[in-house]
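A short write-up of the structure that comes next.
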Amino acid sequence: ATLVGQFTIGGMTCAACVNSVEGILRDLPGVKRAVVALATSLGEVEYDPNVISKDEIVTAIEDAGFEGSLVQ
Ligand code: 9UX
């Protein structure tokens with residue numbers, strides 16, 4: 001199964017931040033696709049809910065030093 005979650009990611013101020021967050025998300029087990037936009041502070045993550053949860057994705061964003069929260 002695959003779900004798409006949308007997250008707000010606070011604290012990104014440059015393109016390197018975006019690359020960093022995308023890399024972190026893409027390296028998580030169960031994440032198939034991750035796209036992060038600097039202008040909107042939004043990230044869209046396609047993931048397998050049998051492998052990783054929305055909360056775990058938020059925690060990974062927080063552990064990377066950004067403020068993550070779930071949109072839907
Ligand atoms: Mo550079 Mo972006 O140190 O927050 S990666 S500003």
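Whatever order the structure lists them in is the order used to number ligands and atoms, beginning at 1. Below, each value reflects all heavy atoms present in this structure, side chains not excepted, and no hydrogens, waters or symmetry copies.
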- prompt: Is the side chain of E22 donor-acceptor paired with the backbone N or O of V36 at a distance under 3.5 Å, no angle test?
  reply: yes

message: Tell me whether T59 contacts the main-chain N or O of D55 through its side chain, where contact means a donor paired with an acceptor under 3.5 Å.
response: yes

- line: Under 4.0 Å from one or more heavy atoms of T13, ligand 1 contributes atoms 2 (Mo), 4 (O), 6 (S)

task: Begin from the C-alpha positions of L25 and I57 and carry the test side chain to side chain contact (heavy atoms under 4.5 Å, CB included) through to its verdict.
output: CA-CA 7 Å; L25 292 172; I57 294 170; 3.8 Å; yes

message: Below 4.0 angstrom, counting only protein heavy atoms, does anything approach atom 2 (Mo) of ligand 1?
response: yes

Side-chain H-bond candidate by donor/acceptor type, T8 with S69, under 3.5 Å: yes

message: To check your reading of the model: name the closest protein heavy atom to atom 4 (O) of ligand 1, its residue, and the distance in Å.
response: C17 SG, 2.0 Å

